[in-house]
Amino acid sequence: MISCPVCQSTITQFYGKRYDDRYAYPGTFDLLRCTSCKHLFLDANFTPEQLGHLYSSYYPRSSFNVEQYQPHTEVEGFRAWLNGYKSSTFRWVPRSVRVLDIGCGFGQSLGYHQARGCEVYGVEADENIRRVAEKFDYKVHVGLFDPAQYPDGFFDYVTMDQVIEHVTDPLSTFSGVAKILKSGGRLVLSTPNANGWGAKTFGRRWINWHTPYHLQFFSKRSIKLAAEQAGLSLLEVKTITNSEWIFYQWIHAGMFPAQGERSVFWAPNIKKTRLQSLMLRVLLIMHKTKINHLLTRVFDAIGLGDNYLMIFKKP
């Protein structure tokens, strides 16, 4: 019997089957829902080696050119609000602190923190981060997050930007973060909101099912339970969504691939049909009118946005 990875309840409901609709990782996976804490989770048991293969071989970062690497920069004011830039966890970290970014991707956040006087560390499962870390001398652990890599109470801030949904054991991850945070330290995380308008509107074509990379889909109740079991208190939860997401959502829904096929939108170097190219141009014109941006701000304002932004504190 399969139990909920957050509250351990064995009373779960079948929510649907999902497959990789971006990069064609083989297989189908059951999506289950806990009837107690409303947590959604994928029935997929990956080993650390399988996860490393999943991200290094199927994610497209191997095609990224390290010479074109640019760190994130500060953006404030109306533009930041309209575009939803505060949806990214690194933008909630103050200057001159010691910070760990778990799931640092291609390292743009590391350069951002370094430029603001922070002592910054990163963790990334994708082997492709080595190229950036070696070029810019970033302190990055390549592999899965392991709290034993750091002293207890070492960090002022830990960030997880679109990461907690990828972990196989969320309770262990929260406990590990709590262990390396200082007293009064903050965990800032973002994660897709499967209870928002997007999942309800697009169904299995919702952009953020992202099977089998996304394993966990938190409700407000399940994320609070997970954090409390690690000794962290939830200070704030809101929906803030990058306005690009809805643009990508229209494209994803319109170019949804069959099982076993790579997406012409997400996977690199796949030729689009004329109809697909036309659809992309039309959607781009619509996006430039800022309609998508305003829709995103409305859904965020009423708590139905596609992205949760959460801040936790270690007492």
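No donor-acceptor contact under 3.5 angstrom links the side chains of Thr239 and Asn193, judged on distance only. In the model, Ser243 has a side-chain atom that pairs as donor or acceptor with a side-chain atom of Arg297 under 3.5 Å. Using a 3.5 Å distance cut-off with no hydrogens or angles, the side chains of Asp306 and Trp206 do pair a donor with an acceptor. Under the 3.5 Å distance criterion, with hydrogens and angles disregarded, a donor-acceptor pair is assigned to the side chains of Asp161 and Ser190. Side chain to side chain, Asn307 and Gln162 meet the donor-acceptor criterion of an N or O pair below 3.5 Å.
For the pair Gln216 (side chain) and His39 (backbone), a donor-acceptor distance under 3.5 Å is absent. Between the side chain of Glu124 and the main chain of Cys104, a donor-acceptor pair closer than 3.5 Å is present. The closest donor-acceptor contact from the side chain of Lys314 to the backbone of Ala178 lies under 3.5 Å. No donor-acceptor pair under 3.5 Å is formed between the side chain of Ser222 and the backbone N or O of Phe218. No donor-acceptor distance shorter than 3.5 angstrom exists from the side chain of Ser88 to the backbone of Phe90, with no hydrogens or angles considered. Under a 3.5 Å cut-off, the side chain of Tyr150 and the backbone N or O of Leu100 do not form any donor-acceptor pair. In terms of modelled atom types and a separation under 3.5 Å, the side chain of His293 and the main chain of Thr296 share no donor-acceptor contact. Using a distance-only test at 3.5 Å, with no hydrogens or angles considered, a donor-acceptor pair links the side chain of Ser233 to the main chain of Lys313. No donor-acceptor pair closer than 3.5 Å links the side chain of Asn83 to the backbone N or O of Tyr85. Side-chain atoms of Gln249 come within 3.5 Å of backbone atoms of Ile207 as a donor-acceptor pair (strictly under, hydrogens ignored).
Side-chain contact between Phe247 and Leu284 is present, with at least one heavy-atom pair separated by less than 4.5 Å. Using a 4.5 Å heavy-atom cutoff, the side chains of Val177 and Leu189 are not in contact. A heavy-atom distance below 4.5 Å is not found between the side chains of Phe312 and Leu181. A heavy-atom distance below 4.5 Å is not found between the side chains of Arg221 and Lys38. Between Thr89 and Met160 the shortest side-chain heavy-atom distance does not fall below 4.5 Å. No side-chain heavy atom of Tyr121 sits less than 4.5 Å from a side-chain heavy atom of His141. Contact check for Phe14 versus Asp43: no side-chain heavy atoms found under the 4.5 Å cut-off. With contacts defined as side-chain heavy-atom distances shorter than 4.5 Å, the pair Thr241/Ser87 does not qualify.
Leu280 and Met255 make their closest contact through CB-CE, 4.3 Å (heavy atoms, listed as atom of the first residue, atom of the second, distance). In plain terms, the two heavy atoms of Ala125 and Leu144 that are nearest each other are CB-CD2, 4.0 Å. Heavy-atom minimum distance, Pro257 versus Glu261: CB-O, 3.6 Å. Smallest separation of non-hydrogen atoms from His214 and Asn208: ND1-O, 2.8 Å. The two residues Arg116 and Val93 come nearest to each other via the heavy atoms NH1-O, 2.9 Å. Here the closest heavy-atom approach between residue Tyr19 and residue Gly27 is recorded as CB-O, 3.6 Å.
In terms of hydrophobic clustering, with Ile, Leu, Val, Met, Phe, Trp and Tyr side chains grouped at heavy-atom distances under 4.5 Å, Val140 and Val167 are assigned to different clusters. A continuous path of ILVMFWY side-chain contacts below 4.5 Å connects Val6 to Val163, so both sit in one hydrophobic cluster. Residues Leu309 and Leu235 fall within the same hydrophobic cluster, defined by Ile, Leu, Val, Met, Phe, Trp and Tyr side chains chained together at heavy-atom separations under 4.5 Å. A continuous path of Ile, Leu, Val, Met, Phe, Trp and Tyr side chains, each step under 4.5 Å between heavy atoms, connects Ile180 with Phe174, placing both in one hydrophobic cluster.
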### Message
Before you tell me yes or no, could you show the steps for Arg95 and Glu74 under salt bridge (charged side-chain N to carboxylate O under 4.0 Å, His left out), namely the whole-Å CA-CA distance, both residues' side-chain angles and the distance that decides it to 0.1 Å?
### Response
CA-CA 12 Å; Arg95 293 175 176 270; Glu74 292 194 72; 2.6 Å; yes

### Message
Is there a side-chain contact (heavy atoms from CB on, under 4.5 Å) between Glu119 and Phe154? Walk through the geometry before answering.
### Response
CA-CA 11 Å; Glu119 181 183 348; Phe154 189 62; 4.3 Å; yes

### Task
May I have the step-by-step check of side-chain contact (heavy atoms from CB on, under 4.5 Å) for Val237 and Ile223, ending in yes or no?
CA-CA 10 Å; Val237 55; Ile223 198 77; 5.8 Å; no

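A ring-centre distance under 6.0 Å is not found for Tyr213 and Tyr58. Taking the six-membered ring for Trp, Phe78 and Trp81 have ring centres closer than 6.0 Å.
Of the candidates Tyr248, Trp209, Trp245, Trp250, Phe202 forms a ring pair (Phe, Tyr, Trp, His ring centres under 6.0 Å) with just one, namely Trp250.
Arg98 and Asp156 are not joined by a salt bridge, as no carboxylate oxygen comes within less than 4.0 angstrom of a charged side-chain nitrogen.
Taking the six-membered ring for Trp and thresholds of 30 and 60 degrees, His252 and Phe256 have ring planes more than 60 degrees apart, a perpendicular arrangement.
Here the CZ-SG distance, from Phe155 to Cys118, works out to 11.5 Å after rounding to the nearest 0.5 Å. Distance check: Tyr308 OH to Ile164 CD1 gives 14.5 Å after rounding to the nearest 0.5 Å.
For NZ of Lys17, the number of neighbouring non-hydrogen atoms (other residues, nucleotides, ligands) closer than 6.0 Å is greater than 12. At most 12 heavy atoms of other shown residues, nucleotides or ligands fall within 6.0 angstrom of atom CD1 in Ile11.
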